[in-house]
Every structure is written in structure tokens, then in C-alpha cells.
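What you are looking at is a predicted structure, and each value in this text was computed from that prediction instead of being measured.
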Number of protein chains: 2
Amino acid sequence: MSDSPLEARLAQYLTLTFAERDALRWLERRERALPAGEILIREGEATDRLYIVARGWLHGSVKLKDGGRQILRFYFVGDISTTFSIAWGQSAATLQAVSDTQLFEIEKDAFGRLFRNHPRLGALLFAVSTSEQVAMADRLTSIGRTDGVTRIATLLLDIRSRLRVVDGLDGSVFSLPLTQQDLGDAVGLTKTHVNRSLKALEATGLVERQGRVIRINDVERLAEMVDFKDRHGSVATDWLPPPVARSDMDHTG
Amino acid sequence: MSDSPLEARLAQYLTLTFAERDALRWLERRERALPAGEILIREGEATDRLYIVARGWLHGSVKLKDGGRQILRFYFVGDISTTFSIAWGQSAATLQAVSDTQLFEIEKDAFGRLFRNHPRLGALLFAVSTSEQVAMADRLTSIGRTDGVTRIATLLLDIRSRLRVVDGLDGSVFSLPLTQQDLGDAVGLTKTHVNRSLKALEATGLVERQGRVIRINDVERLAEMVDFKDRHGSVATDWLPPPVARSDMDHTG
DNA sequence: CGACGGGTTGATCGGTCTCAACGGGGGTGG
DNA sequence: CCACCCCCGTTGAGACCGATCAACCCGTCG
């Protein structure tokens with residue numbers, strides 16, 4: 001695996017300097033494979049590591065008092081698992097591979113040095129993190145105020161949109177290796193009702209299923225119907241500080 | 001108003017250098033008052049500004065297709081309104097003052113320069129932003145999977161916890177200048193059901209109300225009952241890069 | 001071949017929404 | 001200064017969405 005997922009992601013927003021690209025690749029040295037279904041880290045477990053997704057995807061979840069589970073977000077190629085671990089010495093969520101996954105493992109220290117050596121990247125990562133926060137706010141709205149069909153449709157559109165950015169997914173057909181229970185844990189429905197909602201979605205003709213392969217027949221219309229906003233397309237970069245001069249190149253901080 | 005709210009907030013996590021404190025104060029020059037109920041910026045409106053809360057509090061909300069409203073988060077003293085605006089040229093939410101508010105207005109450019117001149121602060125702001133994201137994830141869980149009483153109780157505990165950090169609130173009595181409609185928009189309930197949930201909460205004896213003043217009689221037990229986790233207490237700073245040397249002091253970037 | 005996990009469907013229950021009405025308090029205009 | 005009104009809080013009755021409980025099917029795997 002020679003491609004750098006994080007570099008590829010950030011390069012979508014910004015033309016990176018050689019030094020910046022170098023620094024990003026420097027982070028991505030310790031590679032690790034994680035088969036589908038395996039758990040990377042558990043809620044509450046101590047850690048000083050972060051992970052960059054290089055292939056496949058994962059989800060982050062928490063256990064509820066009543067034994068249930070809430071899936072909080074998904075991690076796709078180029079995402080960094082800072083959300084639930086960087087602000088504490090332990091993980092605030094359980095990270096589990098949805099599909100076969102390839103990861104780069106990095107120390108929090110090295111991530112910190114990135115802010116020091118490449119402040120423009122630090123600021124860009126801040127912006128990306130913020131856009132993810134807005135995406136989570138959208139999910140909050142979806143879960144809090146809309147019915148089952150809308151929640152499911154919104155989730156499908158969101159996942160498709162992410163896979164598009166990340167896998168270069170061209171059309172509107174994608175594999176969704178989640179059980180209906182998983183979907184329910186993500187949108188706050190029981191598996192029973194997820195099933196009914198999926199059926200109802202299919203009945204509109206806008207979505208088709210064949211096993212765990214999803215086809216969205218009319219993305220525009222479905223997005224309009226459920227008031228979906230794509231937050232993953234772009235990020236403002238006009239406010240970023242200039243990149244550091246070449247002579248400042250340095251990995252050690 | 002001579003105190004620096006952002007400096008005070010960040011100093012809770014870290015001993016700041018003189019240069020860092022200076023840089024933070026440098027951001028807080030353009031002051032602005034906003035009376036309770038006034039709108040700072042509307043969803044979709046173009047902006048290149050951020051705001052630091054110096055006094056009072058606000059909330060950020062979005063309009064729904066059906067005419068409803070979802071309150072996404074609250075902003076307290078020391079918070080920066082980066083969430084809904086820094087990643088785009090326009091605001092993703094409407095910001096409205098809950099109480100009489102004092103703000104510092106800053107340009108996104110100046111915020112960007114902070115990453116350049118004081119990378120340690122940039123990294124710290126990243127960490128703080130991430131912890132807010134986890135707090136939002138908690139709300140997602142609360143709204144998605146729990147009943148009305150629990151949602152309201154969780155919201156009350158969260159607000160109290162924030163006011164504590166920020167206003168030095170000592171006990172468990174605080175003023176809550178929100179209508180029951182507002183509370184409903186925050187937790188995803190109708191005002192009718194907010195009222196019933198509040199009544200039910202009072203019936204447990206754990207919470208009292210007198211008008212819009214709330215008293216939580218037994219914080220521990222209530223937190224235990226609704227599985228509330230306080231995310232605002234601390235932030236890991238061991239991974240931050242070292243502060244810049246004194247000679248690097250500079251506002252212009 | 002039996003066990004198991006996931007998908008599907010039906011029946012019933014319950015929490016929340018909707019619709020509706022009323023009361024109180026504070027602000028406004030006469 | 002009083003009357004009105006409007007917003008907010010409160011309470012009730014009925015409808016509805018999604019949860020719960022339960023059963024059955026199917027494919028896979030041991």
C-alpha cells in the first residue's frame with residue numbers, strides 16, 4: 001500500500017507543499033490490518049494512539065445502560081480517529097471494523113508535532129474536524145426530529161456521499177456490509193422497524209436492495225425528499241495561514 | 001470587560017506562556033453586545049467572522065423542512081463559534097442569544113494566524129473542539145435512545161456542568177432562560193411533552209423548579225439515573241507540541 | 001443435520017405527538 | 001391605571017409511530 005490516504009484527502013481541499021506531503025506520509029508508516037468485525041479499541045480503554053483509515057471502513061459506538069448500543073459515526077478512508085481519543089487518555093468509544101480494513105497507527109505525539117511543523121495542516125485538520133462536527137449535527141437533527149424512513153434514507157445518502165469522496169464511487173450502487181441491527185443502532189430504531197422502513201423506502205422506488213447491496217435510483221429526489229445536505233464536499237481554506245518555508249522541513253519538532 | 005474569556009478557558013487545561021496569553025488577548029479586541037433573544041447570524045448567511053463568548057450564552061439552531069427547529073448546541077463563556085462557520089463561507093446554523101451577551105468578534109484570518117504563531121494553542125483548540133464533538137455525540141445518544149424524562153434531565157445536567165466550568169457556578173441552582181419550547185427544540189420533544197417530562201422529573205424529587213430557576217437536589221444520583229457523563233472537565237494535553245520560544249512572538253504571521 | 005445469525009412479518013403495547021382548551025403574568029395601548 | 005392581549009405554561013383526550021414480543025424463514029457453518 002503506497003498511497004497516502006490522509007494526503008489524498010487533504011489534497012482535495014488544498015495544494016500541498018512537498019514538505020507537507022512528506023510530513024503526512026511520515027505519519028503513515030506503521031501499517032496494520034483489521035478484518036471485518038474485529039474491534040480496534042474498546043470504550044474506556046487507555047490509549048495514546050490514533051488511526052488513519054487506509055482501506056475499508058469502521059464505526060465508533062458506545063454501550064447504553066440498557067444493554068443497547070449507539071453507533072456514533074463511521075470512519076472512511078482518509079479519516080483520522082481523533083474524535084473519541086485525542087482529548088483524553090482513553091477512548092470514548094468502541095471502534096469496530098465494518099469491512100476488512102487497513103490502518104496506519106500513529107502516536108498522539110507525532111500528531112502534535114504536525115501542528116508545530118506544519119501549522120497550515122493543523123488548521124486544515126481543525127477545519128475538517130469542524131465539518132465533521134456539522135455532519136454529526138445533521139445526524140442529531142435527523143435522529144431527533146424525523147421518522148424511520150427519513151432516518152434510514154438520510155443515513156444511506158450520507159454513507160454514499162462519503163464513499164464517493166473517498167472511494168471515487170461513481171454511481172449510486174454500493175455495498176453496505178451492515179446488519180439491520182447495525183443500521184438501527186446508528187439511527188435509533190429497532191431492527192424490526194429498520195426492516196419496515198427499508199421496505200417502505202423500496203416501495204417508493206427510489207431505493208433498491210439486493211442482499212446488502214444498495215442502489216439509490218434517484219439521489220436528487222431522495223435528497224430533496226429527506227432534506228439531506230452533503231457536508232463532505234468542500235471546506236473553506238481561505239483563512240489558513242501560509243505553509244512553512246522549505247528550510248523549516250523537519251520531522252522531529 | 002478586561003478579562004479574557006478564551007485565555008481563562010484554555011488556562012484551565014494548560015499553563016500558558018506570556019506570548020500565548022498575549023496572542024489570545026490580541027484576538028479579543030472587537031467587543032460587541034447582543035441582548036437576549038437577538039440573532040447574531042442566520043443559517044446560510046455569508047460570514048468570515050468568528051465569535052468568542054465573553055458573557056452570557058447563545059444557542060445554534062437549524063430550521064427544519066416542516067417548520068420546526070433543532071437546537072444543535074449551546075455556547076458558553078470562553079466558547080468560540082467555529083463549529084458552524086469556519087469550514088464554509090457561510091454559517092451552517094443560526095446563532096441566537098439566550099441571555100444578554102457580550103462577544104468578541106474575530107476574523108477567520110486572525111484565527112488562522114494563531115495556528116501559525118502558536119501551534120500549541122492550535123493543537124489545544126483542536127483537542128477542545130474534539131471534546132465538544134464527543135459531547136455532541138452524547139447528545140445524539142441521549143436523543144436517539146432515551147425517553148423524555150431522561151433527555152431533559154441530561155440536558156439540565158449538561159447545562160449545569162457547562163455553567164460550572166464557565167461561571168464558577170458552585171452549587172446546583174441555576175437560571176435557565178429557555179422556554180419549554182426551546183428545551184423541546186434542543187432534545188427533540190414537543191413543548192407539551194417537555195412540560196410533562198419536567199413534571200415527572202420534579203415528582204422524583206431530584207429536581208425542583210421555580211419559574212425558570214432550576215435546582216438539582218442530588219446531582220450524583222440524577223447523573224447515575226440517566227447515565228450522564230461530564231465531558232467538559234478535562235482535556236489531555238500531554239501530546240501537544242512545546243510552546244514557541246519567546247523570540248518568535250509575533251502577531252502578523 | 002442442527003444451531004445460529006440475520007431477515008421478514010404479524011399482533012399488541014406504550015410513549016410521544018397532535019389537537020384543544022384554559023390560566024396566569026407581564027407588557028402595551030387606551 | 002386599567003383592560004386587553006399575547007406568550008408561556010399547564011392539562012386533557014385521542015391518534016399514531018415505533019417498541020416489544022413472537023414466530024418463521026433462510027443460508028451458513030460447525
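You can see that DNA chain D meets the heavy atoms of chain A within a 4.0 Å-exclusive cut from dG18(D) to dC21(D), reading 5' to 3'.
Checked against side chain to side chain donor-acceptor pair (under 3.5 Å), Ser129(A) has the following partners two or more places apart in sequence or in another chain: Gln133(B). With sequence neighbours excluded, the residues that form a side chain to side chain donor-acceptor pair (under 3.5 Å) with Thr150(A) are Asp147(A). Partners of Phe74(A) under the ring pair (Phe, Tyr, Trp, His ring centres under 6.0 Å) rule, at least two apart in sequence or in another chain, are Trp57(A). Partners of Gln180(A) by side chain to side chain donor-acceptor pair (under 3.5 Å), not counting sequence neighbours, listed by chain and number: Asn195(A). With sequence neighbours left out, the side chain to side chain donor-acceptor pair (under 3.5 Å) criterion links Arg69(A) to Asp182(A), Asp185(A).
Residue Asn195(A) places no side-chain N or O under 4.0 Å from the OP1 or OP2 atom of dG7(C).
A donor-acceptor distance shorter than 3.5 angstrom exists from the side chain of Lys65(B) to the backbone of Glu224(A), with no hydrogens or angles considered.
Note: CG (Leu198(A)) to C1' (dG6(C)) measures 13 Å, nearest angstrom. We find that CD of Gln210(A) is positioned 15 Å from P of dG7(C), with the value rounded to whole Å.
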**Item:** Sugar-phosphate or base contact per nucleotide [nucleotides 10-24 of chain C; S, B, -; heavy atom under 4.0 Å]
**Value:** BB----BSBB-----
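Residue contacts for Arg145(A): at a heavy-atom cut-off of 4.0 Å it reaches no nucleic acid atom on any strand shown.
Comparing the end axes of the helix from dC1(C)-dG30(D) to dG30(C)-dC1(D), each fitted to five base pairs by superposing C1' atoms of four pairs onto the next four, gives an inter-axis angle of 30° (nearest 10 degrees).
Pairs passing the salt bridge (charged side-chain N to carboxylate O under 4.0 Å, His left out) check and including a residue from residues 92-108 of chain A, sequence neighbours excluded, read Arg30(A)-Glu105(A), Arg30(A)-Glu107(A), Arg32(A)-Glu105(A), Arg49(A)-Glu105(A), Arg49(A)-Glu107(A). Within the structure, salt bridge (charged side-chain N to carboxylate O under 4.0 Å, His left out) pairs that include any residue of residues 127-137 of chain A comprise Arg73(A)-Glu132(A) (at least two apart or interchain).
Residue Leu157(A) comes nearest to Ala223(A) through the heavy atom pair CD1-CA, 3.7 Å, listed as atom of the first residue, atom of the second, then distance. The heavy-atom pair separating Ala87(B) from Ala127(A) by the smallest distance is CB-O, 3.7 Å.
Rounded to the nearest 0.5 Å, atoms CD1 (Ile80(B)) and CD1 (Ile106(B)) are 5.5 Å apart.
Here Asp158(B) does not pair with Arg139(B) in a salt bridge; the nearest charged N to carboxylate O distance is not below 4.0 Å.
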Just the atom pairs and distances: protein N or O near nucleotides 3-5 of chain C's N or O, under 3.5 Å.
none

Please tabulate, for side-chain N and O atoms in residues 202-214 of chain B, each donor-acceptor pair with protein atoms closer than 3.5 Å (sequence neighbours left out).
residue: Glu202(B); atom: OE1; partner: Arg209(B); partner atom: NE; Å: 3.4
residue: Glu202(B); atom: OE1; partner: Arg209(B); partner atom: NH2; Å: 2.9
residue: Glu202(B); atom: OE2; partner: Arg209(B); partner atom: N; Å: 3.4
residue: Thr204(B); atom: OG1; partner: Leu201(B); partner atom: O; Å: 2.5
residue: Thr204(B); atom: OG1; partner: Leu206(B); partner atom: N; Å: 3.2
residue: Glu208(B); atom: OE2; partner: Asn217(B); partner atom: ND2; Å: 2.9

